[in-house]
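Below is one structure, written out as structure tokens, with a few remarks after it.
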Amino acid sequence: TAALPVVINTWAFRKATETAWRVLQLGGSELDAVEKGCGQCEIDQCDGSVGYGGSPDESGETTLDAMIMDGNTMEVGAVADLRRVKNAIGVARKVIEHTKHTLLVGESASLFAVRMGFPYEDLTTPKSLSMYSKWLNQSCQPNYWKNVVPDSSKSCGPYKRLEKVICEKWTISQRNVHNHD
Amino acid sequence: TIGMVVIGGNGTVASGTSTNGGVHKIPGRVGDSPIAGAGSYADSTAGGAAATGDGDIMMRFLPSYQAVEYMRMGMDPTVACQKVISRIQKYVPEFFGAVICANTTGSYGAACNKIPGFTQFHFMVYNPLLSQAAEQVVDCI
């Protein structure tokens, strides 16, 4: 049955839902509710797939992606590959409010965030470091490389491209329900 | 990844995502989450949607935009979500992914792609008919 207002979010991230709902009840806007709701998951590191200290990349670093969209104005603010700043969706909101851009990425997005007053801090935690070292100790498996030497299904890189490219149909190398974005 | 859609009492729609992406990704890799129309999409004239799963695959189909366009055509949110999943299934039968959808009347739904180890998708909803945030589950298609 339909009823408004409504908050809906992926996975059983209950605190995020409750936070968004509370912002609405306290008179906040829908955008405020999305920002605070998703921001709650960044604080809680929801299932390790949101926020700092999760999903280290091949260099052991945690990087963040986020977006926020206003359905009235179709304005979008987004950051990608954000480094060393924890509140990614807060920065995404600042992209809407303080730029005419839509998407800022990488280290430059971090510089923008610092200018907007967000703290610059290490997103690595003992947990993400142990995930990383465990991965290194299992020959960097699984990984996202293909058609490279040495054989990426057997050893770590650095890799070089394989002269002869083998056409592979969609190979799904990662099947871990917590490995998602 | 969290993807969220909020629709206010007057039908204003907002959406958002936040994630730390795929584990052991190649540095510089960005998934679907920060891409409008992929990670999430909001349009107060139709509804909102958000996606989660293997971002490398899902971003190629702009699933959130597609779901909102289906709802704009009058499709029920659950059907809109299912159609998006089946679109991707045609090309990548084994993809890992799920979508949540809600229209401007407050109807909502979700859908996911059934693969070994992922046969149900849990999501959260809160609206005036629920006394608290409710965990809901759909069987994957």
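In what follows, chains carry the letters A, B, and so on, assigned in the order in which the sequence lines appear, proteins first and then strands, with residues in each chain numbered from 1. It should be emphasised that the depicted structure is a prediction, and the values quoted were computed from it without experimental measurement.
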Requested in this report: State, yes or no, whether a side-chain contact exists between A:Met69 and B:Tyr41 at a heavy-atom distance under 4.5 Å.
Outcome: yes

Requested in this report: Report yes if some heavy atom in the side chain of B:Asp43 is under 4.5 Å from a heavy atom in the side chain of A:Met74; otherwise report no.
Outcome: yes

Query raised in the report: Do any N or O atoms from the side chain of A:Thr10 and from the backbone of B:Thr1 form a donor-acceptor pair under 3.5 angstrom?
Result: yes

Query - Smallest separation among heavy atoms of A:Asn9 and B:Phe123, with atom names - result: O-CB, 3.2 Å

Query raised in the report: Can you name the closest pair of heavy atoms from B:Met4 and A:Cys38 and give their distance?
Result: CB-SG, 3.8 Å

Report summary line: Highest number of heavy-atom pairs under 4.5 Å with chain A among B:Met59, B:Met58, B:His122 belongs to B:His122

Query raised in the report: Can you get from B:Val68 to B:Val13 by hopping between Ile, Leu, Val, Met, Phe, Trp and Tyr side chains that sit under 4.5 Å apart?
Result: no

Query raised in the report: Got a second to check how far B:Ile26's CD1 is from A:Glu58's CD, nearest 0.5 Å?
Result: 5.5 Å

Requested in this report: Work out which heavy atom in B:Ala133 is nearest to a heavy atom in A:Glu18; give both atom names and the distance.
Outcome: CB-CG, 3.8 Å

Report task. Please lay out, stage by stage, how B:Val125 and A:Val6 fare under the test side-chain contact (heavy atoms from CB on, under 4.5 Å). Result -> CA-CA 7 Å; B:Val125 180; A:Val6 64; 4.1 Å; yes

Query - side-chain hydrogen bond (donor to acceptor under 3.5 Å, both in side chains) between A:Asp65 and B:Ser33, intermediate numbers included - result: CA-CA 6 Å; A:Asp65 302 333; B:Ser33 296; 5.6 Å; no

Query raised in the report: Parallel, tilted or perpendicular for B:His24 and A:Trp135, by the 30°/60° rule?
Result: parallel

Query - ILVMFWY network linking A:Leu31 to A:Val23, side-chain heavy atoms under 4.5 angstrom - result: no

Query raised in the report: Does A:Asn143 offer a backbone N or O that forms a donor-acceptor pair with the side chain of B:Lys25 under 3.5 Å?
Result: no

Report task. Please flag which part of A:Thr62 lies under 4.5 Å from any non-hydrogen atom of chain B: side chain, backbone, both or neither. Result -> side chain

Query raised in the report: Is the backbone of A:Pro5 close enough, under 3.5 Å, to the side chain of B:Asn127 for a donor and an acceptor to pair up by distance?
Result: no

Query raised in the report: Given side chains that start at C-beta, do those of B:Val6 and A:Trp21 come closer than 4.5 Å, heavy atoms only?
Result: no

Report summary line: When the 4.5 angstrom heavy-atom criterion is applied to B:Tyr126 and chain A, the contacting part is both

Report task. Can you tell which part of A:Ala12 gets under 4.5 Å to a heavy atom of chain B, answering side chain, backbone, both or neither? Result -> both

Query raised in the report: Do you know which of A:Ile8, A:Thr102, A:Leu82 has the most heavy-atom pairs under 4.5 Å to chain B?
Result: A:Ile8

Requested in this report: Tell me, yes or no, whether the heavy-atom count around A:His98 atom NE2, taken from other residues, nucleotides or ligands under 6.0 Å, exceeds 12.
Outcome: yes

Report task. Flag the pair A:Met131 / B:Val23 as yes when at least one side-chain heavy-atom distance between them is below 4.5 Å, and no otherwise. Result -> yes

**Report entry** Options A:Ser29, A:Gly39, A:Pro56, A:Cys41, ranked by heavy-atom pairs under 4.5 Å with chain B, top entry
**Finding:** A:Pro56

Query raised in the report: Pick from A:Val34, A:Val50, A:Val79, A:Asn87: which one makes a side-chain contact (heavy atoms from CB on, under 4.5 Å) with B:Ser18?
Result: A:Val50

Query raised in the report: Does B:Ile2 reach the side chain of A:Trp11, with side-chain heavy atoms less than 4.5 Å apart?
Result: no

Report task. Counting only heavy atoms closer than 4.5 Å, note whether B:Ala98 contacts chain A via side chain, backbone, both or neither. Result -> neither

**Report entry** A:Thr17 vs B:Gln132 side-chain heavy atoms within contact, under 4.5 Å
**Finding:** no

Report task. Check the hydrophobic clustering (I, L, V, M, F, W, Y; side-chain heavy atoms under 4.5 Å; chains of links allowed) and say if A:Leu103 and A:Ile96 are grouped together. Result -> no

**Report entry** Separation of A:Leu4 CG from B:Thr105 OG1 (nearest 0.5 Å)
**Finding:** 6.5 Å

Query raised in the report: In terms of heavy-atom pairs under 4.5 Å with chain A, which of B:Ala14, B:Gly8, B:Gly16, B:Ser15 leads?
Result: B:Ser15

Report task. Would you mind telling me which of B:Ile35, B:Val99, B:Thr104, B:Thr19 has the largest number of heavy-atom pairs within less than 4.5 Å of chain A? Result -> B:Thr19

Requested in this report: Using atom types as modelled and distance alone, determine if a side-chain donor or acceptor of A:Arg14 lies under 3.5 Å from a backbone N or O of B:Met124.
Outcome: no

Report summary line: Comparing B:Ala51, B:Gly48, B:Gly28 against chain A, the one with the most heavy-atom pairs below 4.5 Å turns out to be B:Gly28

Requested in this report: Using atom types as modelled and distance alone, determine if a side-chain donor or acceptor of A:Asn72 lies under 3.5 Å from a backbone N or O of B:Ser44.
Outcome: no

Query raised in the report: Using non-hydrogen atoms only, which part of B:Ala46 is less than 4.5 Å away from chain A: side chain, backbone, both, or neither?
Result: neither

Query - Connected via hydrophobic side-chain network under 4.5 Å: B:Ile85 and B:Tyr91 - result: yes

Query - Best-contacting candidate, B:Cys101, B:Ala102, B:Gly39, B:Ser40, against chain A by heavy atom pairs under 4.5 angstrom - result: B:Ser40

Report summary line: With B:Asn20 as partner, the option from A:Ser55, A:Ser49, A:Ser128 fulfilling side-chain hydrogen bond (donor to acceptor under 3.5 Å, both in side chains) is A:Ser55

Query - Top contributor to chain A contacts, counting heavy-atom pairs under 4.5 Å, from B:Ala134, B:Gly11, B:Gly53 - result: B:Gly53

Report task. Find the one option among A:Glu42, A:Met67, A:Arg93, A:Arg83 whose heavy-atom pairs under 4.5 Å with chain B are most numerous. Result -> A:Met67

Query raised in the report: So if you build clusters from Ile, Leu, Val, Met, Phe, Trp, Tyr with side-chain heavy-atom gaps below 4.5 Å, do A:Tyr144 and A:Val148 land together?
Result: yes

Query raised in the report: Has B:Tyr65 got more than 12 heavy atoms of other residues, nucleotides or ligands less than 6.0 Å from its OH?
Result: no

